[in-house]
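Here the structure comes first, spelled out in structure tokens, and everything after it is commentary.
Throughout, protein chains are lettered first and strands after them, A, B, ... in sequence-line order, and every chain is numbered starting at 1. Please read these numbers as outputs of a predicted model, since none were measured by experiment.
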Amino acid sequence: MTIHWIGALLFITGSSLEGFRRSNQLQKRQLALIEFAQALTWMQNEIVKRQTPILEIIQTQIQRKGEVGELFGFFQDQLTMNQSLLKEAWTKAVLAYKPTSNLSVEDLEWITRVGDAVQPYDRQSIEKELSFIIDMLRSRHQEARNLALQMGKVYKALGVMGGILIVLLLS
Amino acid sequence: MHTILYLFPERLQQILVNSYTASLIGVEEIRIRIGRPVQIETYSGTEDLDYIPSHNDRQYVAEKISQHSFYSLEEEMRKGYVTIEGGHRVGIAGKVTLEEGKVKAIQSISSFAIRKATQQIGCADPFMDELWDPESKRWMHCLLFGPPKSGKTTLLRDFARYISIHHPGTENRSKKVSIVDERSEIAACHNGVPQLTFGTKVDVLDRCPKLEGMSMMIRSMSPEVMIVDEIGHERDIDAIIDAMYTGVTMIMTAHASSIAELQKRSLMDKLLKNEINHYICCSQNGYTLYRDNREVAVSERIR
């Protein structure tokens, strides 16, 4: 009998944890999106107004905690250790960062476009391209925030309820 | 390894190291043209390497020159050359884009001409006694002229070094030197700090236009000697004459293959007749110092 109770408890805990994980992921995604939008806005200002070289920008971005710092860390490795070209280094860095990221595949596609955006010679083009990406990230952040508000609680409730349902069905 | 080598893809680096060592001994200029063999200009002639650069190589070199930040070189690209760490000058050619009739940028780069900067310590020594006025205890104005690649900047750099260091045993010839380095070629500054050998009395205004730079230096650094490279425009000469009237000794360079050619430029004639008694003719073979049109000292060029 005790074994049954332990089993039931495990099912409910496991299912609840999955619900909380998914809810948490929604929260983390919207946080990551706003962090990226802020980091890219800073980067845009540095490029357009101060012409700061990309390696100096990386040094500052790496100091940021969270996913932005992680991605720029991979980017630095690609540029300095693997001697990759800018666009290739950025694409490889996004790929290396993907497994630990909370962003969706579509979000990552927008982030990947940064590699193209900082390539041109003239800063006006860079400003336009980065502005477009930043706007998209901000709009995706708004969607992600709404989704987190709507679905966060739903996932948590579904997790707990799902566990209980499985236990009831099995008993 | 020489800083220039870091600009190139690995295979080209190896070819260059095999032929000219990691210090690029004897190399004066490296020319990279897409689809044509890499060309090396040495003191003894020109050699084609067994390496044909591709579009990827072009991208590689361009990114290395700009440290992956093309946008940071927007102004330099407009002028057609970039000065990299170490004072080496990279000339760029390709498709130019215009805005309101003026060059906006060079896109689709097709050629790079990488000229190795050299520091020949001591090359100015044979002229220093001639340019020192023991009565006024001042250096005298001097103009260095010659065609491209004749060693003008190398000699100018050594003047700055000599004048800014203390020479034990001689009368106090050491003076405060201000360098207005429009293209980062004279002092090869990196983050504003000169990378080449100078004395303790050198101040450098890096990447600053000559006109503004000269007046800024006079106002702020009270120089005794001012060094400027490649004067030519009338407004440059006007500014130099003004600086001379403030009591600053001017040492400068100009592009010209002879004095006659130099005098054809407006205002240059005035400068030569009224203000400058000393000029040095630079050539591939060496340097000749003239005083009042008479040859007073000759020096062979050190390789």
Side-chain angles (χ1 to χ4, degrees), chain A residues 40-62 71-94 112-134, chain B residues 1 5-14 53-85 90 92-100 102-110 112 184 190-192 206-207:
Chain A
L40 292 181
T41 307
W42 178 84
M43 183 170 162
Q44 184 193 36
N45 284 336
E46 285 296 309
I47 291 174
V48 174
K49 292 179 182 157
R50 295 185 56 214
Q51 300 185 37
T52 310
I54 213 84
L55 292 173
E56 276 181 43
I57 289 175
I58 292 174
Q59 285 305 318
T60 312
Q61 299 284 33
I62 279 178
L71 173 57
F72 275 88
F74 287 127
F75 185 36
Q76 187 186 38
D77 291 347
Q78 289 296 333
L79 278 181
T80 54
M81 285 152 75
N82 299 347
Q83 299 281 308
S84 304
L85 297 180
L86 184 86
K87 189 184 166 188
E88 186 193 357
W90 182 259
T91 310
K92 283 181 181 171
V94 174
T112 309
R113 290 173 72 161
V114 172
D116 275 322
V118 293
Q119 287 258 36
Y121 293 87
D122 67 308
R123 283 173 289 155
Q124 272 182 337
S125 308
I126 295 177
E127 189 176 18
K128 277 183 198 163
E129 291 286 323
L130 281 179
S131 291
F132 184 50
I133 295 170
I134 292 164
Chain B
M1 196 155 79
L5 285 171
Y6 288 107
L7 303 177
F8 304 132
E10 208 175 323
R11 215 189 116 226
L12 180 55
Q13 275 184 21
Q14 275 175 359
S54 63
H55 288 272
N56 274 349
D57 293 332
R58 179 262 309 268
Q59 187 70 10
Y60 190 94
V61 175
E63 277 205 20
K64 288 289 174 179
I65 288 166
S66 64
Q67 295 181 305
H68 306 284
S69 321
F70 293 132
Y71 54 83
S72 65
L73 302 176
E74 202 180 322
E75 192 56 38
E76 286 92 337
M77 289 280 190
R78 205 173 287 152
K79 288 179 183 166
Y81 63 83
V82 177
T83 307
I84 59 166
E85 194 181 336
V90 183
I92 296 163
K95 185 186 162 194
V96 167
T97 51
L98 299 174
E99 194 175 65
E100 292 171 7
K102 287 184 177 171
V103 176
K104 189 186 173 204
I106 297 178
Q107 289 187 320
S108 308
I109 299 169
S110 55
F112 298 94
S184 291
H190 187 58
N191 294 331
D206 190 36
R207 298 196 180 214

Which region of [X], side chain (C-beta onward) or backbone (N, CA, C, O), has a non-hydrogen atom less than 4.5 Å from a non-hydrogen atom of chain B, or is it both or neither?
{"X": "I126(A)", "answer": "side chain"}
{"X": "T80(A)", "answer": "neither"}
{"X": "E88(A)", "answer": "neither"}
{"X": "T52(A)", "answer": "backbone"}

* Is the NZ atom of K64(B) crowded by more than 12 outside heavy atoms at less than 6.0 Å? ->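 Yes.
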* Asked: Given H68(B), which of I58(A), L79(A), I57(A) fulfils the side chain to side chain contact (heavy atoms under 4.5 Å, CB included) condition?
  ->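 Considering I58(A), L79(A), I57(A), a side chain to side chain contact (heavy atoms under 4.5 Å, CB included) with H68(B) is found only for L79(A).
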* Asked: Once you round to the nearest 0.5 Å, how far does OG of S72(B) lie from CZ of R50(A)?
  ->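 Nearest 0.5 Å value for the OG-CZ distance: 12.5 Å.
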* Asked: Which value, rounded to the nearest 0.5 Å, describes the distance between I54(A) atom CD1 and S66(B) atom OG?
  -> 9.5 Å
* Non-hydrogen atoms of chain A under 4.5 Å away: do they reach the side chain of E63(B), the backbone, both or neither? -> side chain
* Ignoring hydrogens and geometry, is there a side-chain-to-backbone donor-acceptor pair from Y71(B) to Q124(A) under 3.5 Å? -> no
